[in-house]
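Single-structure report; data block below.
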Amino acid sequence: MRTDVTFPSAGLKLAGHLYTPGVNPGDSPGGSPVGSPGDTSSGEAAGPRPAIVVGHPGSGVKEQAAGLYARRLAERGFVTLAYDAAFQGESEGTPRGLEDPAHRVEDIKAAVSYLATREEVDADRIGALGICASGGYVLSAAATDHRVKAVGTVSAADIARQFRLGADGAQDPAVIQGMLDAAANARTAEALGEGVQSFQLFPDTAEQALAMGGRHAVDGFEYYCTDRAQHPRSAKFLTWSSVDRMVAFDAFGFVDLISPRPLLMIVGREAVTSWMSVEAFQKARGPKELHWIDGARHVDLYDKDEYVTPAIAELAGFFHTRLASTSRSDARPGDRTRPTPTPAQTGA
């Protein structure tokens, strides 16, 4: 079942879709609803369930890849939350189209906070899943938020490396220097009252996409700009003030802090962006797993069933195992163990 929800993130109201186990619109008829006596998909007893925050790709919205993964994981017995990042989709924030990595990380933590307040959620069993750019953001968020007990990524990308080095890691350094020049000029123009300065994310045609960025760019164009998966609220422009914010970010800088919590990274074997998942995986301390989906390119894992289905199977098994019930699984947020006192607090 899907419910429209809102929750706060650093002073802004985010719009989300909360998926709970049950019969969702579009589910196959005739089967037992997830969580019903006839369902064996989750092995969950009655009561609060494990939950997963699901972050969308850069420029995406909750109705696209994040919503697909959230719905299908709910079918496996999880409570899931897909949401629009601040400044994008149905969420609050101006200027529209701002991509602010610091706020994106905060959005994930805010989503965890929201799930922890839900009666149907076991707040001690919350995981996080990031797709594409959110795959990078979720690593950064989980590194310092111990409420996230398990982390998954699909086609993970660090937005900073994407802009600095290109999707394939081979971009001419002059490209980002030129973009930083433009971003600096845009900030001055805005200060002079010329309005929000933005740039177009996608070319006008698939042919232009192919010439600019090869097959990877065409895949992105087809997903966001054609009937394949386009959505009227997905971002087609970003503000120039996003560029310097993104370039200075490092999604993988503290990935080692996720340990000893588990990490699963799912990557398409044919994805030109796979080097980023490999780099993050090498920096992580473990327990960790890098799972390859044969034949899949980066964007294929957003919506193509022949690749999404095995990814969901891996994620569901991972989260069911890693978010297994604990002795405190029936506790509510108000019953949480108090934080360990610091030496200063104890007088030590």
Side-chain angles (χ1 to χ4, degrees), residues 19 21 24 27-28 34 39-44 49-57 60 64-82 108 125-139 141-142 148-157 251-252 255 258-325:
Y19 293 84
N24 292 298
D27 287 352
S28 299
V34 175
D39 168 55
T40 59
S41 63
S42 69
E44 283 291 324
R49 288 178 173 270
I52 305 169
V53 171
V54 185
H56 62 71
Q64 295 175 312
L68 174 62
Y69 276 78
R71 177 178 64 80
R72 294 194 60 176
L73 286 168
E75 292 168 1
R76 298 295 191 106
F78 301 95
V79 177
T80 59
L81 175 63
I108 294 168
R125 294 193 289 160
I126 296 177
L129 169 64
I131 306 168
C132 186
S134 282
Y137 295 138
V138 79
L139 297 177
V148 178
K149 297 302 193 294
V151 183
T153 68
V154 173
S155 293
F252 306 157
V255 68
I258 294 174
S259 179
R261 292 164 294 155
L263 169 65
L264 169 64
M265 307 191 76
I266 296 178
V267 193
R269 183 75 69 179
E270 305 303 320
V272 299
T273 57
S274 63
W275 62 276
M276 285 188 268
S277 289
V278 170
E279 181 180 339
F281 182 79
Q282 290 172 340
K283 290 176 178 289
R285 292 172 56 193
K288 59 184 180 178
E289 179 182 356
L290 184 65
H291 182 81
W292 296 91
I293 303 291
D294 288 338
R297 297 189 296 270
H298 180 97
V299 180
D300 289 340
L301 282 162
Y302 291 10
D303 66 331
K304 290 189 176 180
D305 188 65
E306 63 266 40
Y307 306 120
V308 172
T309 292
I312 290 291
E314 287 294 324
L315 290 164
F318 169 77
F319 282 119
H320 275 307
T321 299
R322 300 302 191 168
L323 300 178
S325 181

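Because only heavy atoms are used, hydrogens play no part in the values below, and waters and symmetry mates are left out as well, while side chains stay in.
The main-chain N or O of A142 is found under 3.5 Å from a side-chain atom of R261 such that the two form a donor-acceptor pair. Side-chain atoms of T153 never come within 3.5 Å of backbone atoms of G135 as a donor-acceptor pair (strictly under, hydrogens ignored). With hydrogens and angles disregarded, a donor-acceptor distance shorter than 3.5 Å links the side chain of R49 to the backbone of G77. Judged by distance alone, with hydrogens and angles left aside, the side-chain atoms of S155 form no donor-acceptor pair with the main-chain N or O of I131 at under 3.5 Å. Between the side chain of R269 and the backbone N or O of W292 there is no donor-acceptor pair closer than 3.5 Å. Judged by distance alone, the side chain of H291 and the main-chain N or O of L315 form no donor-acceptor pair under 3.5 Å.
The closest side-chain heavy-atom distance from K149 to P50 is not below 4.5 Å. Residues I52 and Y19 fail the side-chain proximity criterion, which asks for heavy atoms closer than 4.5 Å. Side-chain contact between V151 and P262 is absent, with no heavy-atom pair separated by less than 4.5 Å.
The number of heavy-atom neighbours closer than 6.0 Å to NZ of K283, taken from other residues, nucleotides and ligands shown, is 12 or below.
Summarising the geometry, atom CZ belonging to R76 is positioned 7.0 Å from atom NE2 belonging to H320; distances are rounded to the nearest 0.5 Å. The structure places CG of L81 at 11.0 Å from CD1 of I108, a figure rounded to the nearest 0.5 Å.
Of all heavy-atom pairs between S274 and G268, the closest is CB-O, 4.2 Å. When all heavy atoms are compared, the tightest approach of A156 to M276 is O-CB, 4.0 Å.
Residues passing the ring-ring contact (aromatic ring centres under 6.0 Å, His included) test with Y302, sequence neighbours excluded: Y223, H298.
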